[in-house]
**Q** 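Could you have a look at this structure, given as structure tokens, before my questions?
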Amino acid sequence: MQSQVNPKYEIALSIGLIVFSIIVYYFSLDLPEPEYEPLGSAALPQGLAVIMSLLSFVIIYKAIPRLKTYEAVVDPNPEVMPRPMLSIVIFILTLIFIGVLDFGILSFMPAGIIYLSVIGYLMTNRDLKKLPYVIGFSVILTVTSFYIFTKLFYIDLP
Amino acid sequence: MEPLFNSLEYLFNYWPMTLLFVGVAFGIVVGSIPGLTTTMLITLTLPLTFFMESVDAITLLIGMYVGGISGSQVAATLLRMPGTPASIMTTFDGYPMSQQGKSERALGLGITASFVGGIVSWAFLAILSPPLAKLALTFGPWEYFTMVLMALVMLASLSQGSLIKGLIAACLGMMVHLPGVDPSIGQMRLTFGFENLESGLSLMPVLIGAFAVSQIFKDIINIDAKPPAVSVGRKGMFLNVADIKKHGVNFIRSSIVGTWIGILPGIGANIAAMLSYSAAKSSSKTPEKFGTGHEAGVVAAETANNASIGGALIPLITMGIPGSVVDAILIGALIIHNLEPGPLLFTTNPEIAYGIISAYLIGNIIMFGIMMFAVVHIAKVLYVPRAYLMAAIIMFCVIGVFAVGNSFFDVWIMMIFGVVGFIMGQVKMPLGPFVIGFVLSPIAETQLRSGLMATEGSIMPLFTRPFAATFFAISVVSLLWPLYSDWKKTKAKKASTAVE
């Protein structure tokens, strides 16, 4: 059965894995030689790096011939329109939320309420009628989480 | 038997029973919602269990495991959208039955089948585990190393996608566990100058990132998808004696298949359901009816996927080897609670080993009760607004990971592994071998190096020690068989092209 995955993705991932393997192999060269046992600390990283590189080359070898023949299957009338951009935007907003907490720009309560309200608004198709519900939900979830973690589990959220 | 009765007695206390009930109920609800998996639920619950007694924590997680696998049949039957991969085979006959107006009958069959599968595999779990743990005490490093090897290779070769991708995922999982202290000699390695990496990457951020975060961002892409409205009643859900007699052989056969597949390291409920379905079809007098709304299809799939849980728990509590991805996470839970999974668990912490066995039994009974009486309401869970659900899960991922280590480094790591998991999903690289590789990597390395130290570098025990040789042989066959099959298929294809 022919793989349905875009061969370009497979090649890109395999190249990434090969680079990662080279980095692991390179840094494991500094590890000291084994003294009390035959293998030593470097054996596993080096072994895995070599195996992973070889397997990645196999993926590339198999993907190259499919580059010319591959055609992405696109549904002309999808039941639901996929929203990849929404996923990317929410991922970026999540990174910002974590950064805000990590660097102490805002504390958990305000940051959580703003973050949840914004992503909730985006995920409900920016429907202003739903915004009050989204904000209410954000306040309840953030405040409840805060009190559960700080009062029940004794974890100080930032 | 006494420790088993003691742990059953403990379970009937207010707090553990509440946790088990909550675990099963949550499992059923989450399992019912397509896109949310049992693995995700258990992973997200792990940080909360950090504050519980070990036995209670395991009880809660086992409840979720049982509930999650059983609950997934609801969406599979009503909407042809399996709640978790374990119920893919249920869609083949459950959904057509539902389309023929027999939703209640399909659900009743599926719930009863899940219950029977769970009880039969519990019997195997209770009977086989103590003697197997004793046997495992005689195992040395070579046996353990080859067992881990077998788990990784079997999972890579049987999981979705190609063998090569499965092996890459396993290698990647093992590599991710490398930074930090070398488990054999205490030497620091591959920290790349980062102080935070000196204690290695924790299990929680890697798991939550790979399973939960990646899944959420995948689900957000199709957030506007709304399931069609389906109504379910209660009439006809309970099976009568004639039904039990009619499906008796199928119940027993599927339970045994499911338990056996569960015992094999690394193989999950979806493969168990697939093989059981094939066995039921090939032994049926009317195989052509399978796939058109045949009751036997639902029974085979649902009995086996639940039976596989009990089977998978056997290697977990006797040898510390995960029978499935969820079991790998349960091993992580034991480690978080400073417990050592493996044969010594029966000696050092019998309350945990027998607690798992007891929770599995009672969890199945609770699951049967909840699903039979509340499936009408559970079906409504399918229509929970996704936007609120996703927002709550993302928030919980961030707080949960932060709570375990009180560190934002772990939260960033979680996001990185969210991306890794997402990319792996896009190229159809299975996550199972990745997680099992990550969990088992230190065991494999430590045991191999101990073995080599004992034999002064010789690998002869791989061939001379009976158990090690058997596990090694199974690993080699599991590795070569898919390659041989591929080669054979390609050859046949070339031959047919030449004839044309």
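Residue numbers begin at 1 in each chain, while the letters A, B, ... track the order of the sequences. As the structure is a computational prediction, the values presented were derived from the model and not from experiment.
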**Q** Report the residues that fulfil salt bridge (charged side-chain N to carboxylate O under 4.0 Å, His left out) with B:D182, sequence neighbours left out, ordered by chain and then residue number.
**A**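 Applying salt bridge (charged side-chain N to carboxylate O under 4.0 Å, His left out) to B:D182 gives B:R449.
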**Q** Considering only heavy atoms, which portion of B:M395 lies under 4.5 Å from any heavy atom of chain A: side chain, backbone, both, or neither?
**A**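 The answer is the side chain of B:M395.
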**Q** Using non-hydrogen atoms and a 4.5 Å limit, figure out which bit of B:F396 sits close to chain A: side chain, backbone, both or neither.
**A**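 Just the side chain, heavy atoms under 4.5 Å.
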**Q** Where on B:F402 is there a heavy atom nearer than 4.5 Å to chain A: the side chain, the backbone, both, or neither?
**A**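 Side chain only.
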**Q** Should A:F149 and B:L48 count as side-chain neighbours, where that means a heavy-atom distance under 4.5 Å?
**A** yes
**Q** With a 4.5 angstrom heavy-atom cut-off, is it the side chain or the backbone of B:I394 that approaches chain A, or both, or neither?
**A** side chain
**Q** Does the side chain of A:D102 come within less than 4.5 Å of B:W412's, by heavy atoms?
**A** yes
**Q** Identify every side-chain donor-acceptor pair in residues 55-64 of chain A under 3.5 Å, counting partners at least two apart or on other chains, and give the distances.
**A**
| unit_1 | atom_1 | unit_2 | atom_2 | d |
| --- | --- | --- | --- | --- |
| A:S56 | OG | A:M52 | O | 2.7 |

**Q** Among B:L452, B:N222, B:I168, B:I223, which residue has the highest count of heavy-atom pairs closer than 4.5 Å to chain A?
**A**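 So the answer, after comparing B:L452, B:N222, B:I168, B:I223, is B:I168.
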**Q** B:M188 versus chain A, heavy atoms under 4.5 Å apart: side chain, backbone, both or neither?
**A**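 Interface part for B:M188: backbone (N, CA, C, O).
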**Q** Minimum heavy-atom separation for B:Y388 and A:Y133, please, with both atom names.
**A**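 Heavy atoms only, the tightest pair is OH-CB, 3.4 Å.
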**Q** Mark yes or no for whether B:R189, through its side chain, and A:L31, through its backbone, hold a donor-acceptor pair below 3.5 Å.
**A**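 No, the answer is negative, given that no donor and acceptor are paired below the 3.5 Å cut-off.
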**Q** Which residues satisfy the side chain to side chain contact (heavy atoms under 4.5 Å, CB included) test with A:L106, sequence neighbours excluded?
**A**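 If we apply the side chain to side chain contact (heavy atoms under 4.5 Å, CB included) test to A:L106, skipping adjacent residues, the hits are A:V100, A:P110, A:A111, A:I114.
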**Q** Rounded to the nearest 0.5 Å, what separates atom CG in A:L101 from atom CZ in B:F408?
**A**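 That separation rounds to 4.5 Å.
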**Q** Donor-acceptor pair, A:S87 side chain versus B:I220 backbone, under 3.5 Å?
**A**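 Between the backbone of B:I220 and the side chain of A:S87 there is no qualifying donor-acceptor contact (under 3.5 Å).
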**Q** How about A:P32 and B:Q187: do any of their side-chain heavy atoms sit closer than 4.5 Å?
**A** yes
**Q** Do you know which two heavy atoms are closest between A:L141 and B:A392, and how far apart they sit?
**A** CD2-CA, 3.5 Å
**Q** How would you list, in number order, the residues of residues 170-180 of chain B that have a heavy atom less than 4.5 Å from chain A?
**A** B:C171, B:L172, B:M174, B:M175, B:L178
